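In what follows, a single structure is set out as structure tokens and then discussed.
Fair warning: this is a prediction, and the values are worked out from it, not measured in the lab.
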Protein chains: 2
Amino acid sequence: MPPAVMPKEEVLRILAREFRIWGYDGATLSRLSQATGLVKASLYHHFPKGKQDMAQAVLDYTLTQMAEQVLAPLRKPVAVDWLVKELCVNLAAFYNNGQLSCLVDVFSMGSAKAVVGDQLKTGLALLQSEIAALLVRGGFNETTAQTRAEHTLVVIQGGLIVARACDKPEVFLNQLNALPHQLLAPVT
Amino acid sequence: MPPAVMPKEEVLRILAREFRIWGYDGATLSRLSQATGLVKASLYHHFPKGKQDMAQAVLDYTLTQMAEQVLAPLRKPVAVDWLVKELCVNLAAFYNNGQLSCLVDVFSMGSAKAVVGDQLKTGLALLQSEIAALLVRGGFNETTAQTRAEHTLVVIQGGLIVARACDKPEVFLNQLNALPHQLLAPVT
DNA sequence: GTCTATACACCGATAGAC
DNA sequence: GTCTATCGGTGTATAGAC
């Protein structure tokens, strides 16, 4: 009987989890091998350039997931107020209620930055512009929309960091709860 | 002539810089050795348990610096509004205008968490309680003060992450600029 | 307190069988 | 597509001279 073939998407999910826990430099091939159940040589079959390829593929996969699960819903023809709240719900789910580190954090540090830094910048910019577009739809001017979208990114990242450092995922959820009010408040 | 003795504080400053750039797992002894100008054996003289001791000492040193440069000024007998603004100025200086990663981020990931995680939690809790105390002095109730202090931590961490990921330190400064208004807004 | 020299485990990476 | 086996390099850590 030939060895079971692991679906690539499952491999990517596991790799993503490891990178989020250990960071790029801390995620050794041994750990990645053990976590996936594939020996190092098998990983190199899927990712010829090793960890660099893995990080790129993981980031690619995760950005796609984000686009599908968090960004796409924002384009629905529904009241903006409602969509902002849905955004927060989807963000909570995406980060497993504050229990997952974000790749924006993990991949902007140490050796990872040279490997996937540009890809990361693009992804972040897209996220910001999509949120800003939503706020423009909600009647805010471009400047306000951009500022508040940027603040949203900050709150997501900061919420996840503080939640992780304190072992209190609620911190992230609290921030998400407060977000709609901040995003939708009238300009003074 | 005996080799020049490097002051321990200078060593700690350099180690802190390396940990902030590379993270705990990415900061190898070779890098730390090169950055300090001390060979590995010399580092082990100062820090018998190696990287673990270095991380603890660096965190200790940095928390002290934070207490002196950011927290102590908050106790001055001056208007709270003024102190909140001074807090933001001092935070900007402490993080070199958004160009430095925070150890809260760096040391809550990967192997570092097992080494200095508890120390980190204590430091974060202190920072939050000092900011909350300031807001209580400003007339806010305990709950509001705690919530806003937590939000402050979130904005600091998030601002630094986004600034780092985008290579735009301004993001952090923008967040600090907006902070006094958020902290001092009347409760609705 | 700093150095040279060294030990040995683990890292990333590759060759080649099935 | 997965495996076993192996390589050179680097990682952490220590012994001992000055």
Rounded to whole Å, please give me the gap between NE2 in B/His46 and C1' in C/dG1. 6 Å
Output yes when at least one side-chain N/O atom of A/Ser42 is less than 4.0 Å from OP1 or OP2 of D/dG1, else no. no
Less than 3.5 Å apart, any donor N or O on the side chain of A/Glu150 or A/Gln146 sitting next to an acceptor on the other? no
Provide, to the nearest angstrom, the distance between the CG atom belonging to A/Leu15 and the P atom belonging to C/dG12. 13 Å
Which ILVMFWY residues can you reach from B/Trp22 by hopping between side chains whose heavy atoms are under 4.5 Å apart? B/Ile21
Could you list the residues that satisfy salt bridge (charged side-chain N to carboxylate O under 4.0 Å, His left out) with B/Asp167, not counting sequence neighbours? A/Lys113, A/Lys121
Atom-pair distance (CZ on B/Phe47; C1' on C/dT2), nearest Å: 14 Å
Can you sort out the partners of A/Tyr44 under ring pair (Phe, Tyr, Trp, His ring centres under 6.0 Å), two or more places apart, ordered by chain and number? none
Name all residues meeting the ring pair (Phe, Tyr, Trp, His ring centres under 6.0 Å) criterion together with B/Tyr24; count only those two or more places apart in sequence or in a different chain, and write none if there are none. B/Phe19
Phosphate contact (C/dT2 OP1 or OP2) by B/His45 side-chain N/O below 4.0 Å: no
Please report the distance, rounded to the nearest Å, between CG in A/Leu43 and C1' in D/dT4. 15 Å
Protein-nucleotide distance (A/Met54, atom CE; C/dC11, atom C1'), rounded to Å: 12 Å
For B/Glu9, check salt bridge (charged side-chain N to carboxylate O under 4.0 Å, His left out) against everything at least two apart and list the hits. B/Arg13
Going 5' to 3' along nucleotides 12-18 of chain D, which nucleotides have protein heavy atoms under 4.0 Å from the base (write B), which only from the sugar-phosphate (write S), and which from neither (write -)? BBBB---
